[in-house]
Amino acid sequence: MAGEPKQQPANSNGDPAALSASQQGRGLVFIISAPSGSGKSTLVNELRHSVGDLDFSISYTTRPPRGSEQNGREYHYISRDEFERMIAADEFLEYADVFGNYYGTARGFLDRARQRGHDLLLDIDVQGAAQLQDKLPDSISIFVLPPSRRELELRLRRRSSAEHVKDHGIIQRRLDTASREICNYNRYDYILVNDRLEDSIEALKSIVLSERLRRSGHEPSGEVRRLAERCRLENVRESIQSILATFGNEESSAVRN
Ligand code: ADP
Ligand code: 5GP
């Protein structure tokens, strides 16, 4: 990292990653959304391994586990009846119907992260993100875009064959949904084009670190700042138009799913 020492936070090892939410006195909420297959889970997994004090909300869903997924690790898998009971009991911070299944974030995750002085990362769809942006206006939102519709289709196909999924209708439905979800990109603070994985991981880390620095009263600098700023919505508007065009999209701010 090419940081300038006087702008770095005071901590024991000089690494801005070590500046935790508790040191800042408050927890940040990061919302990350992407069309299915863009690589969001891959990026989030990398982030969780490389950045400390970041809790990950494990959503509840009525969809069955996929591939090697395990109950309580990727999701809490519950029945529709149980999900509807939780809705009635107001146990969700947000929830949405995605691909015909319910997905929701339990309020408890935010409460627990705050008690621990940790930041919280939420991997949710555009409908859930819109609900949370209203409830938590200070949240930081990141939208992951694939480099093109064709590349998204390739990634979806590769993942399906790796998981031995035979239903090719699913891929078509996910591509159609992607075109609608992508219309919502301009409701997010940062847009991360997931082209080369290593670059995307660095960019995602930089977004988290620079927001941590900013909220603690330090201005980010060097490579962290450069990588994060490059993803800011206002800095990518023009460059992503060619990607949006591959999905046949024009600019829009409506929430559609
Ligand atoms: P999502 O969580 O957005 O649905 P995944 O993380 O499951 O997507 O990624 C979809 C597929 O694309 C996986 O097979 C993953 O290994 C692959 N993938 C993720 N990021 C990249 C990338 N930058 N380049 C190529 N393949 C990628
Ligand atoms: P998948 O079934 O591929 O894991 O996820 C499908 C979609 O549901 C993804 O866009 C994912 O971000 C979204 N999702 C996962 N958990 C939640 C949640 O708790 N709330 C909302 N609104 N969406 C979620």
Side-chain angles (χ1 to χ4, degrees), residues 29-48 56-71 73-78 83 86-87 91-110 120-136 139 141-148 150-165 167 170-171 173-178 180-182 184-185 187-188 192-204 243 255-257:
V29 175
F30 293 95
I31 297 174
I32 184 162
S33 304
S36 180
S38 304
K40 181 181 51 177
S41 311
T42 309
L43 291 169
V44 165
N45 281 336
E46 291 289 338
L47 187 69
R48 290 173 71 187
F56 180 74
S57 162
I58 300 173
S59 299
Y60 286 75
T61 183
T62 59
R63 87 148 162 77
R66 202 167 57 200
S68 59
E69 290 177 349
Q70 282 175 25
N71 191 26
R73 192 179 65 186
E74 283 80 6
Y75 286 102
H76 298 288
Y77 302 93
I78 60 173
F83 202 101
M86 289 178 73
I87 296 173
E91 288 181 32
F92 289 116
L93 197 56
E94 64 73 36
Y95 70 92
D97 183 318
V98 188
F99 307 123
N101 284 302
Y102 281 130
Y103 292 78
T105 307
R107 291 185 187 281
F109 279 100
L110 182 59
L120 182 67
L121 180 70
L122 301 161
D123 167 349
I124 57 178
D125 86 318
V126 293
Q127 305 170 80
Q131 293 173 41
L132 278 189
Q133 284 163 344
D134 288 340
K135 287 184 185 161
L136 304 170
S139 58
S141 55
I142 305 159
F143 192 83
V144 179
L145 267 180
S148 67
R150 187 177 146 69
E151 176 62 22
L152 180 64
E153 182 170 354
L154 282 174
R155 289 182 192 173
L156 283 168
R157 289 197 187 289
R158 241 181 268 136
R159 187 175 66 185
S160 287
S161 37
E163 292 172 351
H164 309 290
V165 177
D167 181 357
I170 288 181
I171 290 177
R173 281 200 298 281
R174 292 196 167 205
L175 286 169
D176 292 344
T177 304
R180 294 197 299 277
E181 287 179 326
I182 279 173
N184 296 288
Y185 76 89
R187 298 178 59 100
Y188 289 73
L192 176 51
V193 178
N194 180 20
D195 193 350
R196 274 197 60 226
L197 188 58
E198 296 72 26
D199 295 346
S200 305
I201 293 165
E202 286 310 307
L204 183 57
I243 298 174
V255 172
R256 294 196 265 158
N257 180 264

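Order of listing sets the numbers, starting from 1, for every ligand and every atom in it. In what follows, every heavy atom counts, from backbone to side chain, and hydrogens, waters and symmetry copies are set aside. Owing to the predicted nature of the structure, the values given are computational and were not obtained by experimental measurement.
- Ligand 2 lies within reach of Tyr75, whose nearest heavy atom is under 4.0 Å from it.
- Counting heavy atoms closer than 4.0 Å to ligand 1, residue Ala34 contributes nothing at all.
- Against a heavy-atom cut-off of under 4.0 Å, Arg159 is close to the following atoms of ligand 1: 1 (P), 4 (O), 5 (P), 7 (O), 8 (O), 14 (O).
- Distances below 4.0 Å separate heavy atoms of Ser36 from the following atoms of ligand 1: 4 (O).
- For atom 7 (C) of ligand 2, the closest non-hydrogen atom of the protein is Val98 CG1, 3.7 Å.
- The ligand atoms of ligand 2 that sit less than 4.0 angstrom from a heavy atom of Arg63 are 1 (P), 2 (O), 4 (O).
- Only the side chain of Lys40 comes within 4.0 Å of ligand 2, counting heavy atoms alone; its backbone N, CA, C and O stay farther away.
- Counting atoms of ligand 2 from 1 in the listed order, those under 4.0 Å from a heavy atom of Gly128 are 22 (N).
- The shortest contact between atom 6 (C) of ligand 2 and any protein heavy atom is with Tyr103 OH, 3.7 Å.
- Taking each of Arg155, Glu198, Arg157 in turn, the one with a heavy atom nearest to atom 22 (C) of ligand 1 proves to be Arg155.
- Neither the backbone nor the side chain of Arg159 comes within contact range of ligand 2; no heavy atom lies under 4.0 Å.
- The closest approach between Ser200 and ligand 1 stays at or above 4.0 Å for every heavy atom of the residue.
- Under the 4.0 angstrom criterion for non-hydrogen atoms, Ser33 is not in contact with ligand 2.
- The ligand atoms of ligand 1 that sit less than 4.0 angstrom from a heavy atom of Thr42 are 5 (P), 6 (O), 9 (O), 15 (C), 19 (C).
- Contacts of Asp125 with ligand 2, taken as heavy-atom pairs under 4.0 Å, involve both backbone and side chain.
- Residue Ser59 holds its OG atom at 7.0 Å from CD of Glu94, rounded to the nearest 0.5 Å.
- Residue Arg174 has at least one heavy-atom neighbour below 4.0 Å for each of these atoms of ligand 2: 3 (O).
- Of the candidates Arg150, Arg157, Arg155, Arg157 is the only one forming a side-chain hydrogen bond (donor to acceptor under 3.5 Å, both in side chains) with Glu153.
- Separation of atoms CG (Asp123) and CZ (Phe56) is listed at 5.0 Å; rounding is to 0.5 Å.
- Distances shorter than 4.0 angstrom do not occur between any heavy atom of His76 and any atom of ligand 2.
- Contacts with ligand 2 closer than 4.0 Å are made by no heavy atom of Tyr60, backbone or side chain.
- Which parts of ligand 2 touch Thr105 is read off a 4.0 Å heavy-atom cut-off, strictly below it: atoms 19 (O).
- Those atoms of ligand 1 that come under 4.0 Å of a heavy atom in Asp195, given as number and element, are 22 (C), 23 (N), 24 (N).
- Summary of contacts: the protein heavy atom closest to atom 16 (N) of ligand 2 is Ser59 OG, 3.0 Å.
- Near Asp123, meaning under 4.0 Å from any of its heavy atoms, are these atoms of ligand 2: 11 (C), 12 (O), 14 (N), 15 (C), 16 (N), 17 (C), 24 (C).
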Inset, instruction - List the steps, then state whether side chain to side chain contact (heavy atoms under 4.5 Å, CB included) holds for Tyr102 with Ile87. - result: CA-CA 10 Å; Tyr102 281 130; Ile87 296 173; 4.2 Å; yes
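- At a heavy-atom distance under 4.0 Å, no atom of Val144 approaches ligand 1.
- Atom numbering of ligand 2 starts at 1 in the shown order; those under 4.0 Å from a heavy atom of Ala96 are 22 (N).
- Looking from atom 20 (N) of ligand 2 to the surrounding protein, the closest heavy atom is Glu94 OE2, 2.7 Å.
- Below 4.0 Å from some heavy atom of Arg66 lie the following atoms of ligand 2, by number and element: 1 (P), 2 (O), 3 (O), 4 (O).
- Using a 4.0 Å heavy-atom cutoff, Gln127 is absent from the residues neighbouring ligand 2.
- Aromatic ring centres of Tyr60 and Tyr95: separated by at least 6.0 Å.
- Interface of Ser38 with ligand 1, defined as ligand atoms under 4.0 Å from a residue heavy atom, comprises 3 (O), 8 (O).
- The atoms of ligand 1 that sit less than 4.0 Å from any heavy atom of Ser41 are 1 (P), 2 (O), 6 (O).
- In this structure, Phe30 CZ and Leu122 CG are separated by 11.0 Å, a value rounded to the nearest 0.5 Å.
- In this structure, Thr177 OG1 and Phe99 CZ are separated by 4.5 Å, a value rounded to the nearest 0.5 Å.
- No N or O atom of Arg196 sits closer than 3.5 Å to an N or O atom of ligand 1.
- Close N/O approach between Glu69 and ligand 2 is not found [any backbone or side-chain N/O within under 3.5 Å].
- Atoms of ligand 1 lying under 4.0 Å from any heavy atom of Leu197, numbered from 1 in the order shown and given with element: 20 (N), 23 (N).
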